[in-house]
Structure formats: C-alpha cells, structure tokens
Amino acid sequence: MKFILALIIASLSLYGAPVDVGDSGKSDVNITAIIMFIIFVAGTLLITYYSSKKTRSTKGFYTAGGSITGLQNGTAIAGDYMSAASFLGITALVFGSGFDGLLYSVGWLVGWPIILFLIAEKFRNLGKYTFADITAYRLSAKPLRTLSAMSALSVIVFYLIAQMVGAGQLIQVLFGLDYIIAVILVGCLMMCYVVFGGMHATTWVQIIKAILLLGGATFMAFMIMYLIKFDLGVFFNQAIEHHKQGVGIMSPGGFIKDPISALSLGLALMFGTAGLPHILMRFFTVKDAKEARKSVFYATGFIGYFYILTFIMGFGAIVLLLGNPEFTNVDGTLKGGNNMVAVILAKAVGGNLFLGFISAVAFATILAVVSGLAISGAGAISHDLFVNVIKGGKCDHSLEMKVTKGATIAIGLVAILLGIVFEKQNVAFTVGLAFAIAASVNFPILLLCIYWKNLTTKGAFIGGLCGLVCVVALVVLSPSIWVKSFGFETAIFPYDHPAIFSIPFTFILIWFFSITDNSQRAKIDKSGFVAQDFRAQSGIGISEASDH
C-alpha cells in the first residue's frame with residue numbers, strides 16, 4: 001500500500017512541471033490533463049485493490065477464474081489490440097506516410113478471421129493457462145514448453161518496447177518529465193497492477209479503457225469531418241496540399257519501399273495475431289468455446305471500427321496540424337514528435353479538456369496492454385519454465401504464485417530498460433517486429449499441433465527453434481535495428497520485415513524433421529493427435545496431468 005501511495009504522490013508532483021514542446025521552447029502544463037491522469041491512476045488502483053482478493057490462486061491470477069463473459073472478453077481483447085501501436089503508432093504512420101500507414105491497420109484486422117475459424121474454439125477446449133498447454137498435450141512437454149516460453153518472451157520484449165516508448169513520450173509531452181523518469185513511472189505502475197490485481201484487474205482496466213478510447217476516437221473523427229463539412233473531396237485535397245509529399249501520400253511507397261517488404265509485413269500482421277501469447281491467454285478467461293467464439297466476434301467488430309477511425313484521424317491531423325504554428329515548429333515538424341500526433345490532434349478538435357481526456361485514455365491504453373504482456377510473460381516463466389520444466393509439473397500453488405510475481409517484477413525492470421534504449425523507434429513499427437516473431441514461430445507450431453497428425457516433438461522443437469533464431473537474427477540485422485538503434489552504417493539484412501522468409505522456413509523445417517522422425521517418441525506424438533482431436537471436438541479441457 002505504501003508503494004501505491006508513493007506512485008500517487010509521484011503523479012501529484014508532476015503538477016508544476018513545464019512541458020517540452022519541441023524546438024519552439026516550453027509551454028505551460030495542461031492542468032486538466034494532469035487531473036484526469038491522476039483520477040485514472042487512482043481509479044485503476046482501486047480496481048487493482050478490489051481484484052487482489054480474486055488473484056490468490058493461479059487460476060485467478062492467470063485467467064480471472066474463467067468468469068469473464070464473451071462480450072466482456074471481446075471488449076478486453078479489443079482493448080489489448082487498441083494499444084499504443086494502434087492509437088498512437090498507426091495515426092502517426094498515416095500522418096507521416098499517408099496510404100502506407102493503412103497497411104498496419106488492414107494487416108492487424110485480417111488476422112482475426114484466422115483466429116475465429118481456425119484457433120479460438122479448439123484453443124479454448126485444449127488449453128489451461130498458456131498456449132504452451134496445447135503443444136504439451138500431445139508432444140513432449142519439457143522441450144516444447146521451453147521453446148514456447150522462449151518464443152513468447154521474444155514476442156513480449158518487442159511488444160513491450162513499443163508500449164514503453166509510447167508511454168514515455170506521452171508523459172514527457174504531457175507533463176514535461178524527463179523521458180527516462182516517465183518510463184520508470186510507467187514500469188512501476190504496471191508492476192503494481194499485475195502483482196496485486198492479476199488478470200482480473202487487467203481485464204477490467206482493458207474494458208474501461210476500450211470503451212473510453214472508442215468514445216474518444218469517435219468524437220475526434222466526428223469533429224474532423226465536421227470541420228471539413230463532411231466533404232471527403234475537400235478532406236483529401238487539403239491533405240495533399242498540406243503534406244510535403246503532396247499527392248504521394250495517396251499512393252503506396254511512402255513508408256514501405258518495395259513489394260517484398262509490403263508482402264512480408266502483411267504476412268506478419270495477418271498470421272502473427274494468431275500467435276500473440278497475451279491475446280491467446282484471453283481465451284482461457286471465458287468458461288467455454290462458445291464464449292471464446294463470441295469474444296473473437298465482438299473483438300473483430302470493435303477493432304475494425306477503431307481502425308477506420310485511425311484512418312480519419314491520421315489524414316485529419318495532416319489537414320488541421322500541418323502549417324499551424326500552434327502545433328508545428330519553425331521547420332515544419334510537429335511539436336512533441338509524430339508519435340504524439342493523436343494526442344496533439346485532440347487539442348486541435350476539442351481544446352484542453354479533450355486533450356486531457358485523450359491523454360489519460362492513451363496512458364490507460366498503454367498501462368493496460370503492458371500489464372497484459374507482463375502477465376503473459378510471467379506465465380511463460382513460472383507456469384511453463386519453472387513449474388512444468390524445472391519442477392516437472394509438481395509445484396505448490398503458493399510457490400508458483402511467488403515465482404509469478406517475482407517474474408512480473410523482473411519483466412517490469414526489463415521493460416523500463418528497453419523503453420530507454422529504443423526511445424527513437426516508431427511504436428507501430430516495433431510491434432510489427434513482434435508480430436513477425438509470433439507469425440514465424442508460435443503460429444506454425446500451434447496450427448500444425450492442432451491440425452496435422454504427423455507432427456512430432458522433434459519436428460516442432462527443431463523447426464520452431466531454428467525459426468526463432470532465424471527471425472530474431474533477421475530482425476536484429478535489419479536496417480531498423482542494426483542501423484537506427486545500433487548505429488552501424490549499413491544493415492546486413494536489407495529488409496525491415498523478415499516474415500516472408502522466416503514463416504516458410506519454419507514450416508518447412510517442422511515438416512521435414514517430423515516426417516523423418518521414426519523414433520518411439522514420434523509414434524506417441526502421432527497417436528496423441530486422436531485424443532487431442534476428440535477433446536477439442538467434445539469440449540473437454542485438459543488438465544495439468546496432461547503433461548507428459
């Protein structure tokens with residue numbers, strides 16, 4: 001409780017700080033935004049306190065006891081998806097590159113039918129806490145849980161970078177805090193939510209945040225259209241006139257320079273959705289497969305609607321902000337940076353009051369997503385690695401909870417460090433790298449485990465491990481990391497998006513090592529497909545005793 005009070009006092013201490021608005025100098029603090037920020041922090045901490053009574057067991061911590069309805073879970077999933085990458089990142093990409101920014105929103109959206117028709121129902125029937133439970137049912141548990149944990153943590157790392165960078169820049173612009181202090185504050189709040197509130201607190205913060213964000217984005221889009229008298233012709237003509245690329249913002253090539261990169265990014269976003277550990281965990285918070293399908297149905301509707309709004313907001317920012325000395329520096333750049341364009345646009349259409357609201361909601365967006373990522377990462381470390389690999393499935397629940405909370409704190413510290421190192425990265429782009437890993441490792445293993453009877457432990461482990469090494473290596477050697485973050489002159493791998501190479505590479509290796517595996521373990525793996533398929537069709541969930 002002292003820790004919680006300290007965080008609130010730290011928030012209150014922001015009251016008199018000046019806001020850095022770019023090269024033009026300093027501006028006064030937005031007191032309305034600070035008040036709304038403090039109200040939100042206090043409200044979510046109350047939710048966390050209430051939820052702490054429901055998270056004393058592993059089931060309560062990981063899955064909120066399976067008590068969430070389909071509508072609630074769908075709203076929470078949408079809240080998870082409407083992250084800093086979506087709200088801040090996509091709006092910034094559309095603002096900066098026009099047409100190409102829409103590749104992210106379209107790619108993220110089309111991944112949901114894959115989950116709806118291929119994953120959701122069987123996943124809910126076969127899983128328990130993490131997506132590694134699916135592979136552990138019919139394959140040898142220890143190697144697959146180890147690989148799944150490694151892959152999940154790799155995805156979570158890149159996803160955390162985006163959220164922490166977005167949060168740090170938001171608080172820096174809003175309150176004038178140093179970026180490093182802002183990132184530390186976000187990391188501490190996240191650890192507080194997860195350690196004390198678990199999945200129950202995270203779910204309800206996501207639901208409230210999703211409703212507020214959809215409402216705020218709807219108002220913002222409506223005001224943009226109102227100001228241009230609902231005339232789309234005028235809207236796009238003005239955007240072309242104001243943007244430095246001119247008519248180039250209406251054609252591809254502004255951000256994605258070649259067809260290989262465009263196709264690779266599309267594949268990563270489309271298939272990566274079905275491999276995100278923090279999204280997949282949400283299917284265990286509902287009671288059965290029917291509610292899991294409802295979750296995906298509701299989430300798809302909310303997310304699709306939201307991405308339409310980001311398109312309007314991105315082009316609206318070009319029309320309303322560029323050339324306006326109140327929002328741009330002398331050199332024509334946006335005060336506060338492109339990543340904050342959605343927040344700055346809020347002031348342009350709704351004044352300080354709406355800016356305060358959107359800033360608080362954006363902060364809520366980031367905190368809720370970071371909390372979900374932390375739970376997923378803690379589950380990979382404690383449930384998959386510690387309990388089922390190190391302890392062989394025999395572990396007292398109280399010890400598992402201690403390990404889980406310790407892992408959460410460790411993930412929080414890592415998130416703070418990563419947020420500081422990758423300060424200059426675009427948040428939507430960084431999440432795209434996380435999707436590439438999920439699409440290249442988690443999705444192939446999960447899909448083949450559910451649908452291919454000849455999959456073996458050897459094939460899944462070697463193929464998945466090689467795929468993980470391949471995609472991470474290509475990401476690190478790409479221009480975005482090797483040049484922009486590490487400072488080298490030229491990149492070893494010429495493309496920013498490796499999925500077009502790494503996805504088929506993983507599938508081929510899994511297939512090859514599975515069909516050439518004639519061991520006794522392979523026979524057990526193949527026979528396990530029949531029992532797994534029966535459970536998936538009948539709706540019988542697995543238990544921890546299924547690990548073998």
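What you see is a predicted model; the values in this text were computed from it and never measured.
- Listed by chain and residue number, I208, F357, V361 satisfy the side-chain contact (heavy atoms from CB on, under 4.5 Å) test with L212 (two or more places apart in sequence, or in another chain).
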field: Intermediate values then yes/no, side-chain hydrogen bond (donor to acceptor under 3.5 Å, both in side chains), S140 and T457
entry: CA-CA 6 Å; S140 182; T457 298; 5.0 Å; no
Scan the side chains in residues 306-315 for donor-acceptor partners under 3.5 Å anywhere in the protein, sequence neighbours excluded, and list what turns up.
from, atom 1, to, atom 2, distance (Å)
Y307, OH, S86, OG, 3.1
T310, OG1, Y307, O, 2.7

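- In this structure, L468 and M150 have side chains that are in contact, with non-hydrogen atoms separated by less than 4.5 Å.
- Looking at residues two or more places apart in sequence or on another chain, you find a side-chain contact (heavy atoms from CB on, under 4.5 Å) between L418 and V157, I161, V414, F422.
- Listed by chain and residue number, F386, C395, L399 satisfy the side-chain contact (heavy atoms from CB on, under 4.5 Å) test with K391 (two or more places apart in sequence, or in another chain).
- Residue pairs meeting the salt bridge (Lys or Arg N to Asp or Glu O under 4.0 Å) criterion with at least one partner in residues 184-207, sequence neighbours excluded, are absent.
- Between Y226 and F230, the two ring planes are perpendicular [angle over 60°; tilted spans 30° to 60°].
- Atom CG of N442 sits about 3.0 Å away from atom OG of S151, to the nearest 0.5 Å.
- Considering only heavy atoms from C-beta on, L446 comes within 4.5 Å of L280 through its side chain.
- Between Y159 and F435, the two ring planes are tilted [angle within 30° to 60°].
- Scored by the side-chain contact (heavy atoms from CB on, under 4.5 Å) test, S376 finds I156, P277, H278, M281 as partners (sequence neighbours excluded).
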